[in-house]
Amino acid sequence: MAKIQAIRGMNDVLPDQTPVWQYLELTMRELLSAYAYSEIRFPVVEQTQLFKRSIGEVTDIVEKEMYTFEDRNGDSLSLRPEGTAGCVRAAEQHGLLYNQTQKLWYMGPMYRHERPQKGRYRQFYQMGVEAFGMPSTDIEAELLILSNDLWQRLGLGEFLTLEINNLGTAEDRVQYGNALRGYLLEHKDILDEDSQRRLEKNVLRILDSKNPDTQEILKGAPKLPDFISEASAKDFETLQTALKGVGISYIVNFGLVRGLDYYNGLVFEWTTDQLGAQAAVCSGGRYNGLSKQLGGTDTPGVGFALGMERLVLLLEELGRLPEEIGRCVDLYIAVVGSGVQIQAMKLSADIRRVLPELRVLTHCGGGKYNSQLKKAFASGARCALILEGDEELAEIKVRILDDAGETTVLGTPSVCDWLTKFFR
RNA sequence: GUGGCCGUAGCUCAGCUGGUAGAGCCCCUGACUGUGACUCAGGUUGUCGCGAGUUCAAGCCUCGUCGGCCACCCCA
């Protein structure tokens, strides 16, 4: 029988890695809490139509990367390829967008059928933040400050660069798209294949092209800033002033477009040069028309999502992890000989009652003195209690697990007192 | 989806021009030290990713397939 293995691009996170994830998740929860954002949870599966209407019918994500299937009723469902659509749907459906503002966040798996690569997987985890009901630049600034704060807390600040751009209003975008298309049509034969295909479907994406010839042509193309309405341009200025005011450095990149159709106004991207081709760690922008487009109220929205695997990779590769991160045991209880098993269980229970925070590992599975002590050291525990004997009640020895550790005999009643002092 | 490299014990890898599998680490047992050690003695582990083909014979050649890495692409 062939072994069954995990689906391609869907990873197991093993015990030696979960502490890193927990550290990242905890840091994020604390951050979001400190900014008074609320968590929202919504399903992994939605109607396919939701993603088609929000992300855009002709985007790569919808065209060739979604996990889409029919359920038993014949409805077309899809695994969520990103979080914003579901978040907007849920908020709208439950009246969260009616005459009020919301600051929300979510965390969870997303699914995209891409060819796996370092930092790119078919099931990957995102943490996303969405703010609704605020058309002003202050919330945009706050989101950038918040994300910047996260890099600081994780010790990754020096490895991340912020790029921003202004797409203008939806109307600005259409007008610019027309102008750009008109210009590029004159040079159609020189454009690379992808860009030719995008001419009709998604002109703005051509700005992202890495093809040198295409880039050369783009130098003479109409410029996005020339098509942006006055109010939108002014907002973009205001945001930049705010960023300067709080000391966040950034680069304005007029070619930054984003692959999802719902963006307008501000778009931004935090990138790193430490992860090879998967440079984008966090990105987002404003999407004012989205909730209306999904049939709901016309509520302004702005948000971002970050790739958690990419942050885990950064933390690991750059060694930006707290020292005690792998440690999950404080006290190791060695049980040598079958006579003291019950005594050991009672003792563990007593200790856990007196010191509820203490992480107590009671040895199971037998083994002689030597190997148990070895495991005690390997566990990362700070000290070990040793129960040894063939009788039901043994004296208890304590061994402090450092280089010069001594073994001391403790009387049974004093164990908890001793531990309380030792662990403070 | 396209291209390149790769896939041998739990881990890191070796395996000569094809001849029926090895090392180190880890783990376990015993001896010696009242003891995480050292040293010594011994022990467990693999359908060589999977399937087919060529051959008297394949881990080593051919094809397919699955998986990994990297780039393109895409994006978080």
Side-chain angles (χ1 to χ4, degrees), chain A residues 1-12 14-16 24 55-56 58-66 80-84 106-129 147 160 192-195 197-198 202 205 208-211 256-260 263 267-272 275-285 303-314 332 334 336 365-381 383-384 386 388 397 399-407 409:
Chain A
M1 274 257 273
K3 276 187 196 166
I4 294 179
Q5 47 185 6
I7 293 172
R8 180 173 212 193
M10 308 216 177
N11 301 124
D12 301 309
L14 301 179
D16 64 331
L24 179 62
I55 297 167
V58 297
T59 55
D60 281 12
I61 293 177
V62 170
E63 263 184 346
K64 45 193 188 194
E65 293 174 3
M66 279 210 295
R80 60 184 187 192
E82 57 104 43
T84 301
Y106 54 84
M107 198 184 279
M110 307 294 164
Y111 301 85
R112 265 134 76 168
H113 192 105
E114 297 183 274
R115 185 118 163 213
Q117 199 174 316
K118 184 183 186 181
R120 188 172 82 180
Y121 311 101
R122 290 184 175 181
Q123 173 180 282
F124 60 100
Y125 286 77
Q126 282 192 343
M127 192 281 280
V129 178
S147 50
L160 291 165
D192 59 276
E193 205 178 314
D194 278 338
S195 295
R197 198 168 47 83
R198 283 175 181 148
N202 204 342
R205 289 302 317 288
D208 278 338
S209 171
K210 285 170 190 159
N211 183 294
L256 180 63
V257 169
R258 318 257 57 251
L260 292 77
Y263 286 114
V267 290
F268 63 90
E269 200 164 274
W270 288 94
T271 59
T272 180
L275 289 180
Q278 312 311 318
V281 169
C282 167
S283 61
F304 68 78
L306 55 79
M308 295 184 49
E309 282 84 356
R310 293 180 185 180
L311 284 175
V312 167
L313 281 169
L314 279 178
Y332 199 98
V336 186
K368 50 183 199 175
Y369 192 108
N370 241 346
S371 70
Q372 289 200 32
L373 201 58
K374 196 173 173 184
K375 282 176 180 160
F377 271 95
S379 75
C383 81
I386 299 153
E388 184 177 16
K397 287 186 261 185
R399 169 74 188 265
I400 297 170
L401 301 175
D402 57 27
D403 293 334
E406 288 178 8
T407 306
V409 179

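Numbered from 1 within each chain, the chains take letters A, B, ... in sequence-line order.
Side-chain atoms of A:Tyr369 and A:Ile386, non-hydrogen and from C-beta on, do get closer than 4.5 Å to each other. Inter-residue side-chain proximity for A:Arg310 and A:Arg120 is flagged as met; some heavy-atom pair is nearer than 4.5 Å. Considering only heavy atoms from C-beta on, A:Ile7 stays 4.5 Å or farther from A:Arg122 through its side chain.
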Would A:Met308 and A:Met107 satisfy side chain to side chain contact (heavy atoms under 4.5 Å, CB included), going step by step from the backbone distance to the final call?
-> CA-CA 9 Å; A:Met308 295 184 49; A:Met107 198 184 279; 3.6 Å; yes
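Rounded to whole Å, the C1' atom of B:C32 lies 9 Å from the corresponding atom of B:U39. When the C1' atom is compared between B:U45 and B:C25, the two are found 14 Å apart, to the nearest whole Å. Taking the P atoms as reference points, B:C16 lies 15 Å from B:U8, given to the whole Å. A gap of 16 Å separates the P atoms of B:U29 and B:G36, to the nearest Å. Here, B:U20 and B:C28 have their C1' atoms 30 Å apart, quoted to the whole Å. Comparing the C1' positions of B:G1 and B:G15 gives a spacing of 37 Å, expressed to the nearest Å. Straight-line distance between the P atoms of B:U2 and B:G64: roughly 13 Å, to the nearest whole Å. Distance noted for atom P between B:G19 and B:A57: 14 Å (whole Å).
Rounding to whole angstrom units, NZ of residue A:Lys374 and P of B:C38 are separated by 7 Å. If you take CG of A:Asn370 and C1' of B:A31, they are 12 Å apart, rounded to a whole angstrom. What separates NZ of A:Lys64 from P of B:U2 is a distance of 11 Å, to the nearest Å. Atom C1' of nucleotide B:G67 and atom CE of A:Met10 are separated by 14 Å, given to the nearest angstrom. Rounded to whole Å, atom C1' of B:C75 lies 7 Å from atom CZ of A:Arg258. B:C50 atom C1' lies 9 Å from atom CD of A:Gln5, rounded to whole Å. Look at CG on A:Asp12: it is 14 Å from P on B:G67, rounded to the nearest Å. Computed from coordinates, the A:Tyr369 OH to B:G34 P distance equals 13 Å when rounded to whole Å.
If you check B:C28, B:A76, B:G36 against the side chain of A:Arg399, the one that comes closest is B:G36.
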Dot-bracket line, read 5' to 3' along RNA chain B, where crossing pairs take [ ] and | marks a partner on another strand, Watson-Crick or G-U under 3.5 Å = (((((((..((((........)))).(((((.......))))).....(((((.......))))))))))))....
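Here CG of A:Asp12 is found 11.5 Å from CE of A:Met10. Values are rounded to the nearest 0.5 Å. Rounding to the nearest 0.5 Å gives a distance of 9.5 Å between CG of A:Leu160 and OG of A:Ser147. Interatomic distance, OG1 of A:Thr272 versus CG of A:Leu314, reported as 5.0 Å (0.5 Å rounding). The distance from the OH atom of A:Tyr125 to the CG atom of A:Leu24 is 13.0 Å, given to the nearest 0.5 Å. In this structure, CE on A:Met127 lies 9.0 Å from OH on A:Tyr106, to the nearest 0.5 angstrom. Considering CD of A:Gln278 and OH of A:Tyr121, their distance stands at 9.0 Å, rounded to 0.5 Å.
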Between protein and nucleotides 69-72 of chain B, what N or O pairs are separated by less than 3.5 Å?
from	atom 1	to	atom 2	distance (Å)
B:C70	OP2	A:Lys118	N	2.3
B:A71	OP1	A:Ala277	N	3.2
B:A71	OP2	A:Gln117	NE2	3.0
B:C72	N4	A:Arg120	NH2	3.2

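Comparing A:Met308 and A:Ala378, the nucleotide of RNA chain B nearest to each residue sits closer to the 5' end for A:Ala378. Between A:His113 and A:Ser283, the residue anchored closer to the 5' end of RNA chain B is A:His113, taking for each the nucleotide with the nearest heavy atom.
Proximity of A:Lys397 to the phosphate of B:G34: no side-chain N or O atom is located under 4.0 Å from OP1 or OP2. Phosphate proximity of B:C75 to A:Arg205: present, with a side-chain N or O under 4.0 Å from OP1 or OP2.
Contacts of A:Gly365 with the nucleic acid, taken as non-hydrogen atoms under 4.0 Å apart, are absent. A:Glu269 comes within 4.0 angstrom of no nucleic acid atom, judged by non-hydrogen atoms across all strands. Within 4.0 Å (heavy atoms only), A:Leu311 reaches no atom of the nucleic acid at all.
Under the side-chain contact (heavy atoms from CB on, under 4.5 Å) criterion, A:Ser371 pairs with A:Lys368, sequence neighbours left out.
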